[in-house]
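Chain naming here is simple, since letters A, B, ... match the order of the sequence lines and numbering starts at 1 in each.
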Amino acid sequence: MLRLVSLHTAPRHESEYHLTPSRARAQAFLLPGKVVGISSACRPTHFPPWGQRGYLAPRELVPICCKDSSMASNQTVRTRFAPSPTGYLHIGGVRTALFNWLFAKSQGGRFILRIDDTDQERHVAESLDPILEGLRWLGLDWDEGPEVGGPHGPYFQSQRQELYQQAVQQLLERGAAYYDYATPEELAQERQQAQAQGRSWRYSRRWMAQDEEERRRFEAQGRRPVVRLKIPQEGSCEFEDLIRGRVEVPWASEQDHVIQRADGSVLYHLASVVDDYHMGITHVIRAQEHLSNTPRQIFIAQSLGYPVPQWAHLPYVAEPGSRNKLSKRKLKQYLNHPEFRKLYQGGVRIMEALGREVDPERFNPVMVHFYRAIGYLPEALLNYLLLLGWSLDDHTEEFSRQEMLKHFSLARVHKAPASFDPAKLAAFQHRYMQRLDLDRKVQLVVPYLQQAGLVPSPLGPQNPLWKRVRQVVQFAGDRIKVAGDILEFAYMFQGDEQFPYSEKDFHKRLVKPPEAVELLTQFAQLLEQLPPEKFQHQQLQQLMQEFVQQRGIKLGQIIHAVRVATTGQGVGFGMFETLEVLGKQSTLNRIRRALALAQTAREASAS
RNA sequence: GGCCCCGUCGUCUAGCCAGGUUAGGACACGGCCCUUUCAAGGCCGGAGCACGGGUUCAAAUCCCGUCGGGGUCACCA
């Protein structure tokens, strides 16, 4: 028995939900045995016994029994993510997967991965790997599906043809589907005619075969049949969406959709419904674009005598700064968005530092691969995605995996599309990165140095280079925002004669100021006298301060010159820490190299 | 165009059901401070209820309408 209490008379706490009636209703279905808070307008009363179902109408409680065809709600929750193998994992797809995963896991249920490959049989393995990799990287593990198997396999639609065939037969036998012999041209003509007359078009069933004899007659004309759904002509399809509430669609606005082609292959809607049934899916949580597909799927399910699952249609993820659906094909256009551009270019810089070619097909912030490639933390991406269309309250933003599982509910999914905000994603990443302890950061960063060929592979913590990496990471601090950012400090791992000088910075700090060479020479002499064990940032700082005071110059007159001389660039972390990491010998080597270069440059410009 | 869905700062959102808030938070943005560069940090700030009616003492919140945006209308998934 589920007890409903007034929210006004009881303080808010964990077991209560502050909800709209439609959402309360949804929750009541989803959380057997839990207390659900409802409006004081509803008198506290008892909910119908579990296994029956009830509705909570806006102002009163009206218990009614569910239709027999509905899914019994006391069984284990099973959700699924059903991507088609396209070769990449879209950021919106991941969010759908995340919500499915969270819902199943938070309800003690199971999360199933199914591959919807009814149409593309080619190269499935290659197109599938990036998807599996992406999900695994994010820790969205599936209880059943490719590679892990399960009792309801196979988990590829291309391998479940017999099941679909049986279903088509049944639909045919029950009069819920029919053989249709129209040619595409005839259909097009009908459609055009209707359009010309300004009518909305619905197939006339002109070539529907009424019986065997008619089939033979059509076939004698050389026609080949497809199987179409025999959608009701009147009335409407009503269903309850866990996010949107009640949805009503007139049957007249539906078509007699094709469910099987002449060659026997079946179409998505049929396959999807059949699989959801055989895989015991209790909750179909998917993108909003499927909302209008739902009536036909309900029709199929009911015609086959399947229980109808619960539906939840997630708002889609929109483009940065707009309400259009985020698309992987519009990369060029998104690059006009400053924040998106920044994110992308940061990624490109890292790829270039790695000496890797940027494949525009895969390297795109719309796909998860991008984030993995440049060293994002999966938990940061997940946290950001969670908040894209869902919130707990007016202030909580950070969720560990446990907290997500604890707090997630479909009832608090926002209805409107949420646009993807690269800046906010970056902010989450930075926050998560800052909190990582030093050794963990080092582990994340080392592979990037290895891939760039800057440190050997393998590289263990005993190796002195590991210590150097550790020092760099420590001193760089929050400047390393994604793991790949370590490559901004490549000069720390390159030879004294090899690391490159930025022409611009070199000129600005070493060639142009008339006193630069002289000061740098003098400072180098001072450094030379410093014993190697005193080559520490505190001592170095003191040394430079004395140097500056004695000569009555400004700090800026020497420090930038030293930085450019030893790192090749004008920006970096603390100057004295930089020298400490380089050590006495390297520091002097680099300054000498810079001095020589600067001399040459000045002589060249003088003559 | 038909059908369906949606509409609170630039963005993500809280608040809407049970009408009374200086409409709250976060990211981004601007200014100031700190500073050897770049980050980070500290302080301060600007910024929103799509519009129009109605109900009401009182409307982001309830009702009606308008407008706007999007999704979908395949022998794709």
Just the rounded figure in Å: distance from C1' of B:A77 to CD1 of A:Ile259. 16 Å

Classify the side chain of A:Lys481 versus the base of B:A39 as yes if they form a donor-acceptor pair under 3.5 Å and no if they do not. no

For A:Arg244 and B:C6, what is the distance between atoms CZ and C1' respectively, to the nearest whole Å? 7 Å

If you measure from the P atom in B:G7 to the same atom in B:A26, how many Å do you get, rounded? 24 Å

For B:U72 and A:Lys325 - does any side-chain N or O of the residue sit under 4.0 Å from the phosphate oxygens OP1/OP2? yes

I need the NE2-C1' distance between A:His257 and B:A77, as an integer number of Å. 14 Å

Rounded to whole Å, how long is the line connecting atom CG of A:Asp393 with atom P of B:C16? 13 Å

Base, sugar-phosphate, or nothing: which does A:Ala182 touch, judged by heavy atoms less than 4.0 Å apart? base

Write down the distance between CZ (A:Phe239) and P (B:C4), rounded to a whole number of angstrom. 11 Å

A:Phe576 near the nucleic acid: base, sugar-phosphate alone, or nothing, with a heavy-atom cut-off under 4.0 Å? base

Expressed as a whole number of Å, how far does the C1' atom of B:U8 sit from that of B:G69? 15 Å

Taking only side-chain N and O atoms of A:Arg323, does any of them lie within less than 4.0 angstrom of OP1 or OP2 on B:C12? yes

Is A:Glu515 salt-bridged to A:Arg551, cutoff N-O under 4.0 Å? no

Determine the Euclidean distance between corresponding P atoms of B:C38 and B:C32; express it in Å to zero decimal places. 15 Å

Within the 4.0 Å heavy-atom criterion, would you say A:Val249 contacts the bases, only the backbone, or no part of the nucleic acid? sugar-phosphate

Would you call A:Lys330 and A:Glu319 a salt bridge, taking side-chain N to carboxylate O under 4.0 Å as the test? yes

For B:C6, does either OP1 or OP2 sit under 4.0 Å from a side-chain N or O belonging to A:Lys415? yes

From CZ of A:Arg202 over to P of B:G1, roughly how many Å is that when rounded to an integer? 22 Å

Using atom P in both nucleotides, what's the gap between B:G52 and B:A60 to the nearest angstrom? 12 Å

Go nucleotide by nucleotide along RNA chain B from the 5' end; which of A:Gly556 and A:Glu397 gets its closest nucleotide reached first? A:Glu397

Would you classify A:Pro250 as touching base, sugar-phosphate or nothing, given that sugar-phosphate means primed atoms plus P, OP1 and OP2, and contacts are heavy atoms under 4.0 Å? sugar-phosphate

B:C16 and B:G2, which share atom name C1', separated by this distance in whole Å: 31 Å

Within this structure, what is the CG-CG distance for the pair A:Asp117 and A:Leu128, rounded to the nearest 0.5 Å? 8.5 Å

Among the nucleotides B:A77, B:C4, B:C75, which one has an atom lying closest to any side-chain atom of A:Ser84? B:A77

Within 6.0 Å of CZ in A:Arg329, more than 12 heavy atoms from elsewhere: no

B:U36 C1' sits how many Å from A:Gln542 CD, rounded? 17 Å

Distance-only donor-acceptor hits, side chain of residues 503-511 of chain A, under 3.5 Å, sequence neighbours excluded:
from: A:Asp505; atom 1: OD2; to: A:Ser502; atom 2: OG; distance (Å): 3.3
from: A:Asp505; atom 1: OD2; to: A:Gly570; atom 2: N; distance (Å): 2.9

P gap between B:G54 and B:C73, integer Å: 42 Å

How would you label the contact of A:Gly477 with the nucleic acid (heavy atoms, under 4.0 Å): base, sugar-phosphate, or nothing? nothing

At 4.0 Å (heavy atoms only), tell me whether A:Asp505 reaches a base, stays on the sugar-phosphate, or touches nothing. nothing

Using the C1' atom in both, what is the distance from B:G20 to B:U56, to the nearest Å? 12 Å

A:Gln197 CD: over 12 foreign heavy atoms closer than 6.0 Å: yes

Between B:C12 atom P and A:Tyr384 atom OH, what is the distance in whole Å? 8 Å

Return the stacking result for B:A14 and A:His414: yes when the ring centres lie under 5.5 Å apart and the planes under 30°, no otherwise. no

Taking for each residue the nucleotide of RNA chain B bearing the nearest heavy atom, is the 5' side occupied by A:Ser391 or by A:Gln541? A:Ser391

Classify the nucleic acid contact of A:Phe420 as base, sugar-phosphate or nothing, counting any heavy atom under 4.0 Å across all strands shown. nothing

Within a reach of under 6.0 Å around CD of A:Gln536, are more than 12 heavy atoms found that belong to other residues, nucleotides or ligands? yes

Side-chain N or O of A:Arg412 closer than 4.0 Å to phosphate OP1/OP2 of B:G15: yes

How far, in whole Å, is B:C49 from B:U13 if one measures between their C1' atoms? 13 Å

Side chains of A:Asp275 and A:Tyr155: donor-acceptor distance under 3.5 Å anywhere? no

Check: A:Arg479 side chain, B:C38 base, donor-acceptor under 3.5 Å: yes

If you look at every strand shown and take non-hydrogen atoms under 4.0 Å, does A:Glu254 touch a base, only sugar-phosphate, or nothing? nothing

What distance do A:Arg349 atom CZ and A:Leu487 atom CG have between them, rounded to the nearest 0.5 Å? 11.5 Å

Is a side-chain N or O of A:Ser84 found less than 3.5 angstrom from the main chain of A:Thr86, in a donor-acceptor match? no

Which part of the nucleic acid, if any, lies within contact of A:Ser253, taking any heavy atom under 4.0 Å across all strands shown: a base, the sugar-phosphate backbone alone, or nothing? sugar-phosphate

For residues 264-272 of chain A, which residues have at least one heavy atom under 4.0 Å from RNA chain B? A:Leu267, A:Tyr268, A:His269

